[in-house]
Structures are given as structure tokens and as C-alpha cells.
> 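I'd like to ask you about the structure that follows.
Note: hydrogens, waters and symmetry copies are ignored here, and every other heavy atom, side chains too, is used. This chain uses plain numbering: 1 for the first residue, then up along the sequence.
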Amino acid sequence: MSADTKTKLLEGTLRTLIEQGIAKTSARTIAAAAGVNQALVFYHFGSVDELLAAACRHGSEQRVSRYRDRLAAVSSLSELLEFGRQMHEEERAAGHVAVLGQLLAGAQTQPRLAPATAAGLALWIEEIEKVLTRVLSTTPLGEFADPSGLAKALAASFVGIELYEGVDADGANRALDALEQLSLLVTAVEDLGPLAQRAVRHRLRRARP
């Protein structure tokens, strides 16, 4: 029963963040969404901040698990960016990108949320980094790319785009289009013959600091 109550509170927290935002997330609103007494928030988690942190981890684990097999099947950077756009649409429609955005916003004024929010993002970054390491290793860019840094940039961009959509939906859509156009350039490099690829590597080595 205790585990069931904890799960209700975690799910209730995520629903509250999606529907009301972090400014209106409290023990009372979470308990109402979970259908339990608000005293149970403090009994099981100690504080609302601790519950928010646990909910962030819980939600990220669920969402990453949902996409892990599909990410493992990605075989090129262009596929990754195309899939990323589809995933962003699915997650945006379900409200889950908004949860990370709300927690990032909350961490600015509630520093205790920062480690858990970063840990939630790290679950996404870890999966994206695996794909980038795999798909870039067979291209002329593999020697020069930083999969870890790129994974962080992609994760940050998708959360940022969610926030940007609220003020400029067309601009956010163009940002996603630009990422897809970038993937076309990478695909063009991947399609070069061996001699041309060696020339690209040579040029990149010369340009590297």
C-alpha cells in the first residue's frame, strides 16, 4: 500500500506540473491530483521539494524507457534528428517536455531542485550520447565530434524549444527545421567517397586548434 501511495503521489506531481505549472504546485494540489491526504506528501517524501525531485527522476525514467528501443535502432545523425522531432511532438503533446521546463524554472529559485532536475535530464543525455557515439564513429566527423557535448546541446535545445514555443511557435518550428537541415549536411558528408572523406578529415585536422 505504501508503494502504491508513493506512485500515486509521483504521478499526481507530474500531472500537477503539466496542468498547473510549478507556481501552483503544492502539497495540497499534488494530494488532490493523487487522490490522497496531503499529510502523506510529508510522510513519504519529507517535503514538496523532495517529492518534486523524486517525480522528476520517476518521470524521466518512464519516458526514456519508452524510447530506448527506438533510439537503439537509429543508424545515422539524420535519423536521430528526425526521430528527435517526432519524439518532441509526442512529449510536447503529452506535457512531459513542459515538466522538465517547469522544474528547470523552479530550480532557479529553489536550488534543491537542481540536482534532481539535472539527473532527470542526464537520463536523456546518456541515451542520446550512445546514439551519437555510434552513428558518428563511421563518419569523417567521428574523430572531431564530442558526443557528450552534442548530447547535452540537443537535450537542452529540445527543452528550450518547448519554452520558446510559448512565445513564438513559428520561430520554434523554424529552429527544428534548421536542425533537420544540419542533418542533411552531415548526410552529404557521409555519402562522400573514400577519397573525399579523407580530404574532409585532412581539412578538419588542419583546422583543429
> Please give me the minimum heavy-atom distance between P147 and T133, naming the atom from each residue.
CB-OG1, 3.4 Å
> Please report the interatomic distance OG(S137) to CG(L132), rounded to the nearest 0.5 Å.
10.5 Å
> For G120 versus C56, what's the shortest heavy-atom pair and its separation?
CA-SG, 4.1 Å
> Should E90 and R70 count as an ion pair when the cut-off is N to O under 4.0 Å?
yes
> Determine, using the 4.5 Å side-chain heavy-atom cutoff (strictly less than), whether L81 and V131 are members of one ILVMFWY cluster.
yes
> If every non-hydrogen atom of L17 is compared with every non-hydrogen atom of Q102, which pair is closest and at what distance?
O-CG, 4.1 Å
> Quick check: is I125 connected to V99 through a chain of hydrophobic side chains (ILVMFWY, heavy atoms under 4.5 Å apart)?
no
> Just checking R28: does its CZ atom have more than 12 heavy atoms from other residues, nucleotides or ligands closer to it than 6.0 angstrom?
no
> If the plane angle is over 60° it's perpendicular, under 30° parallel, otherwise tilted; pick one for Y67 and W124.
tilted
> Decide whether L121 and L113 are clustered together by the hydrophobic rule: side chain heavy atoms of Ile, Leu, Val, Met, Phe, Trp, Tyr closer than 4.5 Å, transitively.
no
> Is a donor from one side chain sitting under 3.5 angstrom from an acceptor on the other, for Q62 and E11?
yes
> Hey, what do you get for CD (E127) to CD (E129), rounding to the nearest 0.5 Å?
10.5 Å
> To the closest 0.5 Å, what do you measure between NZ (K152) and CD1 (I128)?
10.5 Å
> Before giving the answer on salt bridge (Lys or Arg N to Asp or Glu O under 4.0 Å), spell out for D177 and R85 the whole-Å C-alpha distance, their side-chain angles and the decisive distance to 0.1 Å.
CA-CA 9 Å; D177 287 342; R85 186 162 193 169; 2.6 Å; yes
> How long is the straight-line distance from NZ of K8 back to CZ of R15, given to the nearest 0.5 Å?
10.0 Å
> Roughly how far, to the nearest 0.5 Å, is CG of L10 from CZ of R57?
9.0 Å
> Which heavy-atom pair separates R134 from L71 by the least distance, and what is that distance?
NH2-O, 3.3 Å
> Is there a path of hydrophobic side-chain contacts, each under 4.5 Å between heavy atoms of I, L, V, M, F, W or Y residues, that connects L104 with L123?
yes
> Determine whether S60 and R63 make a side-chain contact, defined as any pair of heavy atoms from C-beta on separated by less than 4.5 Å.
no
> Please step through side-chain contact (heavy atoms from CB on, under 4.5 Å) for the pair Q38 and T29, ending with a clear verdict.
CA-CA 8 Å; Q38 74 178 68; T29 57; over 6 Å; no
> Mark yes when over 12 heavy atoms from residues, nucleotides or ligands other than Y43 sit less than 6.0 Å from its OH; otherwise mark no.
no
> side-chain contact (heavy atoms from CB on, under 4.5 Å) between E126 and V64: does it pass, once the steps are laid out?
CA-CA 10 Å; E126 180 182 353; V64 170; over 6 Å; no
> Within the 4.5 Å heavy-atom criterion, are L136 and L150 side-chain neighbours or not?
yes
> Looking at CZ of R174 and CG of D168, how far apart are the two atoms once the value is rounded to the nearest 0.5 Å?
8.5 Å
> Between T117 and L52, is a side-chain contact (heavy atoms from CB on, under 4.5 Å) present by the stated rule, with each step listed?
CA-CA 9 Å; T117 306; L52 285 167; over 6 Å; no
> Take I30 and F45, measure what side-chain contact (heavy atoms from CB on, under 4.5 Å) needs, and give me the verdict at the end.
CA-CA 12 Å; I30 291 170; F45 294 96; over 6 Å; no
> For the residue pair T16 and T13, confirm or rule out a side-chain donor-acceptor distance under 3.5 Å.
no
